[in-house]
Structure formats: structure tokens, C-alpha cells
Amino acid sequence: MNTTNKIKISSMMFLEFFIWGAWFVTLGTFLGTNLNASGAEKAAVFSTQSWGAIIAPFIIGLIADRYFNAERILGVLHLVGAFLMYQMYQSNDLSSFYIYVFSYMVLYMPTLALVNSVAFNQMKDPEKEFSSIRVWGTIGWIVAGLSISYVFHWDSESSLASGMLKNTFLLAGAAALVLGLLSFFLPATPPKVTDEKIKIGDIIGLDALKLLKDKNFAVFFIASILICIPLAFYYQNANPFLTESGLENPTGKMAIGQISEALFLLLIPVFFTKYGFKKTILVGMLAWAIRYVLFAYGNGGELSFMLILGIALHGICYDFFFVSGQIYTNSKAGEKYKSAAQGLITLATYGVGMLIGFAVAGWITDNYKTATGTINWEMVWIIPAGIALAVFVLFALTFNDKSKTEVSH
């Protein structure tokens, strides 16, 4: 890849995840402070991510892969996304906001696959080259969080009181506009020319369902859906909780989670080689339980170190379960079903698992509200800690795959 294309594609990755990090992290706090949303209403808004993940493969499989250049679709989706972000910024009631955020997520989720397509198309050796490009996405998410807290101070007590958090949608919209325009100058990524008739089963990975005949893969598949319940609690409740706990610059401090994610990504091959898949994934599950116990009993004052530690565990929580799970799925699927299997796992986790998770998180939050309207955060975190621990025990007792899972260095 020449230097010009490397700069363009790195910028694309930076902006792609800057956009997501600029509004999604603080979404729960915005919904509570600006739109007075209940737990169930927050769950409905967050669930748009899951609906986007469910619909995305159809946009990619039926349109992008067959008729148009990936970079052009990327440009159009982000330009429309910039308009929808502006509408979200303008919205003063939950019903209109929901329509815009739903529309936005249906358009944004396919772009996650499109940026990968554009990047991979320029690489001679993706296994060696991709991580150095993808890391710019993580940097983009971190910069967005740091900007909200330390540059604009939109999550400070006074800014929250005056409704300034809605400016995050302007920030994300401006970045979407830039990426939308940049996309038309990215290296050409033409569609895959094929005369084969497209099947819906191919798009959502139904061919990979036969992998569920393997008892161990079935256990992993069910555990993947169940562990998304505690994950949804983090996405939906972490920022409102940290803000209410009195932790200063909560959004900026949440970027520690992304830094941790980047660091632990490098440790996965080492951990895999030394301890194997089962122990790696169990450590990831246990980390969810520990992090939520730290959230339950920490506070924004003298015990703020517990909250920071809980945020820092994000790397182990996410990488050791989800990334190692992708590697395991890849090794089990074989050449024929690799993409189908990854599609099925994505549909199961970000689609079905997170839909259930957001609904449960919203219900629990509403049920642990006091008469004065405050939330009993201790119970809101102890429950997902218990769920994560239960999944840990289930997996430890029922998963017995002794075969070697290969990991690419």
C-alpha cells in the first residue's frame, strides 16, 4: 500500500470510530438529562444498534457486494448520516429522536463492514497490515471521548444542567460530513462480480448453523448471546452512572477502556498460545463480573479508583471474549463457512444478544428507581455481575473442546 492510500485509509478508520465514540458513549446520559427518558425508553433507543446490526448484512449482501463500489456507498451513507445527526441535535422529544436514531443506525452499522472492505482491498498481506490501520479507529474513539470531557467540557455538571450534551451530535455530524466527502477520494473498491444467485441464508450465515451440531460450538454460541446481557448494561448505563457518581470528566475517563482494549489485543496471541481458548474466554467472562462488582461498591470520591479499575478492565472483558471468540469461530468454521460463521456470530451477539441485554438493562434500571427518582446503582450493577458469573460457571462446566485453536500472529 502506498503512503497516500495508507494516510487516506487510516483517516477513514479514525473518522469512522470517532463518529461512533462522539455520541454513543454519552447517549444514556443525554437521554436521561435532556429527554427525561425512562430505563425502558433508553433500552429502545440503544436497541437501534442491534436492529442496525441485523439489517446491515442485507445492505452489504444485496447492494454493496453486487452493484456499487464500497467507497461510494460509504460516502452516501455518511452524508445522509450527517443530516440525521443534525436532526438528532435538533430533537426535543423522544419520539422524533427515536425515528432519527433508528434511521441513523440502519445506515451506520453497514459502514463498519464497508471500511473493512476498502482497507482489505488495498492490502497484500491483511494479517500483518490490518492491525496498524484498525488501531486508528480505536484512536478516533479515544480522541472523541477526550474532546467531550477535556476540550468542550460538555459532560461537566454545569454543561449537563444547560443541556450542552446535545452538541455531541453536532460533533459526530461534522465528522460524518468530512468522512462522507473523503470517501469519494478513497481507493476504488469495486463490487465482487458474480453471476451466482444471492440467497438470504448466505447473507445471515445460515449455512453456519450446522456448526451447532458440535456440542462445544453450541455451548460457545449460547454463552456468546448470554454474555451480551451484561455488555448491554455497560453501553446503556456506564456513562449515566459515572456522571451521577460524581466522577469528574466521565466521558474522557471512559476512553481508558479503549486504551486497555488496544493493549490487550496485543496480548491475545500470547495468552492463547500459553493457556488455550477455554481459559482465555473464561478470564474474559470473569472480568465482566469483577468490573460490575467494582462499579457496585465504588464511588466518585475516595473509592473512585474502583470505578477507574472497572473501566480499565474493558480490554480483558471485550478482547478476551469477543476477539478470542472470533478466532475460535474462524478455526471451527473451515474455509467454506468462515464468513457465514462470523456473520452468524455477529447476528447472535450484536443482534439477538444485545437486543435482549438492552431490554433487561432498561427493565432493571426502572425497577431499582427509588420514590425520589434516584437509581439504586448497587443493584443495577450486582445483577449483571451475577449474570456474567452464571455464564462463567455454565461455560466452565460444559465446554470441553480439547482441539487446538490457531491464532494468527
Side-chain angles (χ1 to χ4, degrees), residues 1 3 5-27 49 52-53 56 60 64 70-71 73-75 77-78 81-82 85 104-105 107-123 126-148 168 171-183 185-187 189 231 234-235 251-252 254-268 311 314-315 317-327 342 346 349-350 408:
M1 195 189 308
T3 307
N5 282 347
K6 193 166 186 177
I7 291 169
K8 283 181 182 177
I9 290 170
S10 298
S11 302
M12 171 192 75
M13 280 293 180
F14 178 91
L15 288 165
E16 175 76 11
F17 288 91
F18 178 94
I19 292 164
W20 203 359
W23 71 280
F24 196 70
V25 175
T26 54
L27 178 61
Q49 176 191 262
I60 299 300
E71 80 283 358
I73 298 181
L74 185 68
L77 292 179
H78 276 301
M85 273 289 160
Y104 181 80
M105 274 308 199
L107 298 181
Y108 178 81
M109 295 309 280
T111 68
L112 296 170
L114 289 169
V115 293
N116 286 347
S117 294
V118 172
F120 284 134
N121 197 51
Q122 293 301 309
M123 294 176 188
E127 284 192 8
K128 287 182 181 173
E129 295 177 76
F130 185 67
S131 59
S132 65
I133 296 290
R134 176 59 183 81
V135 74
W136 284 101
T138 303
I139 292 167
W141 187 294
I142 291 166
V143 170
L146 294 176
S147 300
I148 289 166
T168 55
L171 181 65
L177 180 62
V178 173
L179 181 51
L181 296 172
L182 169 69
S183 296
F185 298 94
L186 291 170
T189 308
L231 172 62
Y234 184 76
Y235 282 153
T251 312
M254 281 181 75
I256 294 168
Q258 270 58 51
I259 297 167
S260 154
E261 192 181 315
L263 293 173
F264 279 104
L265 202 52
L266 303 173
L267 289 177
I268 281 186
I311 295 167
H314 187 70
C317 290
Y318 189 85
D319 292 340
F320 278 39
F321 188 90
F322 287 94
V323 178
S324 59
Q326 287 164 3
I327 295 166
Q342 294 293 352
T346 302
T349 52
Y350 281 96
S408 305

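Taking the side chain as every heavy atom from C-beta outward, Val323 and Phe264 never approach each other to under 4.5 Å. When side chains are defined from C-beta on, Phe185 does not count as touching Met12, because their heavy atoms never get closer than 4.5 Å. Using a 4.5 Å heavy-atom cutoff, the side chains of Tyr108 and Met85 are not in contact. Residues Leu231 and Thr349 fail the side-chain proximity criterion, which asks for heavy atoms closer than 4.5 Å. Side-chain contact between Glu16 and Leu74 is present, with at least one heavy-atom pair separated by less than 4.5 Å.
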Evaluate the criterion side-chain contact (heavy atoms from CB on, under 4.5 Å) for residue pair His78 and Leu182; output intermediate values, then yes/no.
-> CA-CA 10 Å; His78 276 301; Leu182 169 69; over 6 Å; no

Give the intermediate values and the outcome of side-chain contact (heavy atoms from CB on, under 4.5 Å) for residues Leu27 and Phe24.
-> CA-CA 5 Å; Leu27 178 61; Phe24 196 70; 4.2 Å; yes

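Atom CG of Asp319 and atom OG of Ser260 lie 7.0 Å apart (nearest 0.5 Å). The line from CG of Asn5 to CD of Gln122 is 5.0 Å long, rounded to the nearest 0.5 Å. Expressed to the nearest 0.5 Å, how far CG of Asn121 lies from CG of Asn116 amounts to 12.0 Å. Considering CH2 of Trp136 and CD1 of Ile142, their distance stands at 11.0 Å, rounded to 0.5 Å. Taking CD1 of Ile139 as the start and CE of Met13 as the end, the distance is 12.0 Å to the nearest 0.5 Å. Note that NE2 of His314 and CD of Glu261 are 4.5 Å apart. Values are rounded to the nearest 0.5 Å.
Listed for the Glu129 side chain is no donor-acceptor partner under 3.5 Å among the backbone atoms of Met123. Judged purely by atom type and a 3.5 angstrom limit, Tyr235 has no side-chain atom pairing as donor or acceptor with the backbone of Val25. Looking at Lys8, its side chain never comes within 3.5 Å of a backbone N or O of Pro187 through a donor-acceptor pair. A donor-acceptor pair is defined here as one N or O able to donate and one able to accept, closer than 3.5 Å; such a pair exists between the side chain of Ser183 and the backbone of Leu179.
Counting all heavy atoms, side chain and backbone alike, Ser10 lies closest to Ile133 at OG-CD1, 3.5 Å. Ile268 and Ser324 get closest at one heavy-atom pair: CD1-N, 4.3 Å. The two residues Ile148 and Gly21 come nearest to each other via the heavy atoms CD1-O, 4.3 Å. Of all non-hydrogen atoms in Ala119 and Ile9, the two that sit nearest each other are CB-CG2, 3.8 Å. Heavy-atom minimum distance, Thr168 versus Ala22: CB-O, 3.1 Å. Residues Ile19 and Ala176 come closest through the heavy atom pair CD1-CA, 3.5 Å.
Between Phe18 and Phe14, the angle of the ring planes stays under 30°, which puts this pair in the parallel group of the 30/60° scheme. Ring geometry for Tyr350 against Phe322 counts as tilted: the plane angle lies between 30° and 60°, on a 0 to 90° scale.
A side chain to side chain contact (heavy atoms under 4.5 Å, CB included) with Gln258 is found for exactly one of Phe17, Trp141, Tyr318, namely Trp141.
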